[in-house]
Amino acid sequence: MLNSTQIRVAKDYVTVHGYSAQVCRLHNTSSVSIDYSLNSGAAVTVAAGGYETINVRSSTSEVRLKRTDGTNTAVDVIIEWGLTVDEAYEQSLLAIDSATVRISVGPGRDYATFDSAIAAIAALGTAAVIDLDPSVAYTSAGGSLPTVPICIYGNGAVITTSSAITVTASCRAYDLNVVGNVIYAGASTDRYFITGGSHVGNVTLTTGLLHDDGSSLLSGLVTINGGTFECISTEITSQILHTDGRLLMQNFNVNATSDTAMITSTATSTTSAIALVNGHITNSGTGTALDISSNTQTAAGANALVNVSLTTSEAASAVGGTAVCQIANCNYTKVPTGSGWTKSNWNIS
C-alpha cells in the first residue's frame, strides 16, 4: 500500500524518519532542485519535478531535505512509502526522467481536476505526463496550456471545456475525448499528435504540425490557417476549411449532411497544398463534397486527389476553378465543375 506525506523544505535540513518500509520515494513537486541525504550521508540533488527512490532499511531510516539553492522560502516535496523495493523502482522508471513530471488526475489521485493539474504544470514549468481516470467526466475552463511539452493519457476519459483550450507547445494525446474548441498555436517547430479518442467542436491549426491518427472529428469546423494538418484513418463529420499551409489526408471518411462543402480550400499561398489520398467524401445534403474554386495554386502536383470517391446528392461532386489539381482514379456521382483539373482520371460512380 502506498502512503505519502507532504513536507515543507527551505534552506536548512528538515529531518524525517520512522518509516516502516524498505524503500521510500521522494517526489520533488516544487519548481526548484532539492538536496536529500540519508543518515547524514552525502547530499543527492533531485531536480524540480523529479523522483528519487531511497533505501531506508538502516536502523534510523533518517532522510534530511533542503533546498539546493539555500533560499529560505519553503517549498513542497512528497515522501511516499509502503511499496516493495521492486514496485518503488518500477514507479521511478515510470517518471521517465528527472525533467518530466508524471501526474495522475481523478478521485484520490495527485490532482482531482484537469485544470488543477494544468496549473501545477504551469508552476513547475517542466514537461509533464498526465494520466486521467477514465471514470471521471472532467470539465475545464479552457485557456492556454503551459508552454512545455505535455503528454495526456486519456484512457477514454471525456473533457468538456467552457471556452477554447489553446495548445502552445508540442503535445500528445492518447484516447482522449474532448467536447469544446481547441486551438493549436505553438511555434512552427511544435508537433501535436492525436491518437484515438474523439473531438466534438471546432479545431483550429495556426502553426506547427497537427497529426491526427484514428480519432473521430465529430461536428464543428476544422480550420487550417497555417502549418500542416495530417489526417490518417479518421472518421469525420466535421467540415474542413483550408486557408493556408498544407492539408494532407489519407485513408479517411468524411460523411455528413450540409448545404455547403464538406472540404473547402481557399488557400492562395504558393507554399500551400491540399492532397487527399484513399478516401471518401460524402455530402448527403445540398452542398458539394469538395470546393477549391477559390484556391489559386498554380504549381503542378501541389494539389492532388488520388483514389478518392466524391458523393453528392444535388451539387457537383467537386467544385473547382482555375487552381491546378491533379486527379488520379477518382470517382464522382455528379459531374465536377472547373477547368484546373489536370491529368484527370475521373470515373463516374
Side-chain angles (χ1 to χ4, degrees), residues 49 94-103 105 114 117-118 121-122 124-132 140 142-155 157 159 161 164-178 180-199 201-217 220-236 238 240-252 263 265 267 269 271-277 279 302:
L94 288 176
I96 299 178
D97 58 47
S98 61
T100 303
V101 178
R102 287 189 74 94
I103 293 177
V105 182
F114 179 77
I118 291 299
I121 294 169
L124 286 172
T126 61
V129 176
I130 299 175
D131 184 57
L132 298 179
S140 173
S144 294
L145 297 185
T147 311
V148 295
I150 294 176
C151 177
I152 302 175
Y153 287 99
N155 303 310
I159 296 177
T161 177
I165 291 176
T166 300
V167 181
T168 59
S170 293
C171 73
R172 292 178 181 268
Y174 297 93
D175 299 318
L176 176 65
N177 301 299
V178 177
N181 301 332
V182 178
I183 301 168
Y184 296 92
S188 61
T189 56
D190 283 332
R191 301 291 181 262
Y192 325 105
F193 291 89
I194 311 299
T195 304
S198 65
H199 189 105
N202 297 333
V203 176
T204 302
L205 173 64
T206 301
T207 49
L209 182 148
L210 173 56
H211 180 94
D212 189 304
D213 188 353
S215 79
S216 297
L217 299 172
L221 181 64
V222 178
T223 304
I224 301 94
N225 289 330
T228 297
F229 178 48
E230 293 181 346
C231 182
I232 300 175
S233 301
T234 300
E235 175 191 357
I236 300 173
S238 299
I240 298 174
L241 174 61
H242 169 238
T243 69
D244 195 17
R246 297 192 300 165
L247 170 60
L248 310 176
M249 301 178 65
Q250 181 176 331
N251 301 335
F252 60 92
I263 299 179
S265 177
S269 169
T271 59
S272 296
I274 176 171
L276 311 180
V277 181

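As a basis for the values below, the full set of heavy atoms in this structure was taken, side chains included, without hydrogen atoms, waters or symmetry mates. As the structure is a prediction and not an experimental result, all values here were calculated from the model.
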Query raised in the report: Ile152 and Ile159: side chain to side chain contact (heavy atoms under 4.5 Å, CB included), yes or no, with the steps?
Result: CA-CA 12 Å; Ile152 302 175; Ile159 296 177; 5.6 Å; no
Query raised in the report: What are the two closest non-hydrogen atoms of Ala169 and Pro149, and how far apart are they?
Result: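 Closest pair (atom of Ala169, atom of Pro149, distance): CB-N, 4.3 Å.
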Query raised in the report: Are side-chain heavy atoms of Thr223 and Asn202 found at a separation under 4.5 Å?
Result: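 Of all side-chain heavy-atom pairs linking Asn202 with Thr223, none is under 4.5 Å.
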Query - Whether His211 and Phe193 hold their rings parallel, tilted or perpendicular, with breakpoints at 30° and 60° - result: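 If you compare the ring of His211 with that of Phe193, the planes turn out tilted.
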Query raised in the report: Can you check side chain to side chain contact (heavy atoms under 4.5 Å, CB included) on Ile194 and His199, steps first, answer last?
Result: CA-CA 10 Å; Ile194 311 299; His199 189 105; over 6 Å; no
Query raised in the report: Thr228 side chain to Leu210 main-chain N or O, any donor-acceptor pair under 3.5 Å?
Result: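 Not a single qualifying donor-acceptor pair exists.
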Query - Heavy-atom check, side chain of Leu145 versus side chain of Ile118, under 4.5 Å - result: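 A side-chain contact under 4.5 Å exists here.
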Query raised in the report: Can you tell if the side chain of Cys231 reaches within under 4.5 Å of the side chain of Ile236, non-hydrogen atoms only?
Result: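 They are in contact (side-chain heavy atoms under 4.5 Å apart), so the answer is yes.
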Query - Validation row: Phe229, Val203 side chains within 4.5 angstrom (heavy atoms) - result: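 Side chain of Phe229 against side chain of Val203, heavy atoms only: no contact under 4.5 Å found.
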Query - Leu276 and Ile263, any side-chain heavy atoms less than 4.5 Å apart - result: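 Yes, close enough: below the 4.5 Å cut-off.
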Query raised in the report: Got a second to check how far Ile183's CD1 is from Thr168's OG1, nearest 0.5 Å?
Result: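 One finds 11.5 Å between CD1 of Ile183 and OG1 of Thr168.
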**Report entry** Non-hydrogen atoms of Tyr192 and Gly186 that approach each other most closely
**Finding:**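 That would be OH-N, 2.9 Å.
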Query raised in the report: Taking atom NE2 of His242 and atom CG of Leu248, what is their separation to the nearest 0.5 Å?
Result: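 His242 NE2 to Leu248 CG: 8.5 Å, rounded to 0.5 Å.
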**Report entry** Gap separating the CG atom of Leu247 from the CD1 atom of Ile274, nearest 0.5 angstrom
**Finding:**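 The CG atom of Leu247 sits 4.5 Å away from the CD1 atom of Ile274.
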Query raised in the report: Quick one: does Thr234's side chain have a donor or acceptor within less than 3.5 Å of a partner on Ile232's backbone?
Result: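 A pair under 3.5 Å: yes.
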Report task. Check whether any side-chain heavy atom of Ile165 lies under 4.5 Å from a side-chain heavy atom of Ser140, and answer yes or no. Result ->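 Result yes, sub-4.5 Å side-chain heavy-atom pair found.
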Query raised in the report: To the nearest 0.5 Å, what is the distance between OG1 (Thr195) and CG (Leu176)?
Result: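 Between atom OG1 of Thr195 and atom CG of Leu176 there are 11.0 Å.
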Report task. Taking all non-hydrogen atoms of both residues into account, name the closest pair between Val148 and Ala127 and its distance. Result ->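 Here Val148 and Ala127 meet closest at CB-N, 4.2 Å.
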Query raised in the report: Can you find a side-chain donor-acceptor pair between Asn177 and Ser198 that sits under 3.5 Å?
Result: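 Yes, a side-chain donor-acceptor pair sits under 3.5 Å.
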Query raised in the report: Between Asp131 and Asn155, is any pair of side-chain heavy atoms under 4.5 Å apart?
Result: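 Side-chain contact under 4.5 Å: yes.
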Query raised in the report: In Å and rounded to the nearest 0.5 Å, what is the CD to CD distance from Glu230 to Gln250?
Result: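 With rounding to 0.5 Å, CD (Glu230) is 9.5 Å from CD (Gln250).
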Requested in this report: Return the minimal non-hydrogen interatomic distance between Ala117 and Val105, and the atom names on each side.
Outcome: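 Smallest heavy-atom distance, with atoms named: CB-CG2, 3.7 Å.
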Report task. Write down the atom of Ala273, the atom of Ala302, and the distance for their closest heavy-atom approach. Result ->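 The answer is CB-O, 3.3 Å.
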Query raised in the report: Does any non-hydrogen side-chain atom of Thr207 lie less than 4.5 Å from one of Asp190?
Result: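 No, their side chains stay 4.5 Å or more apart.
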Query raised in the report: Gly49 and Leu124: which non-hydrogen atoms are nearest, and at how many Å?
Result: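 Minimum heavy-atom contact is N-CD2, 4.5 Å.
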Requested in this report: List the steps and the verdict of side chain to side chain contact (heavy atoms under 4.5 Å, CB included) for Ile240 and Ile224.
Outcome: CA-CA 8 Å; Ile240 298 174; Ile224 301 94; 3.8 Å; yes
Query raised in the report: Between CD1 of Ile121 and CD1 of Ile130, what distance do you get to the nearest 0.5 Å?
Result: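 Here the rounded value is 3.5 Å.
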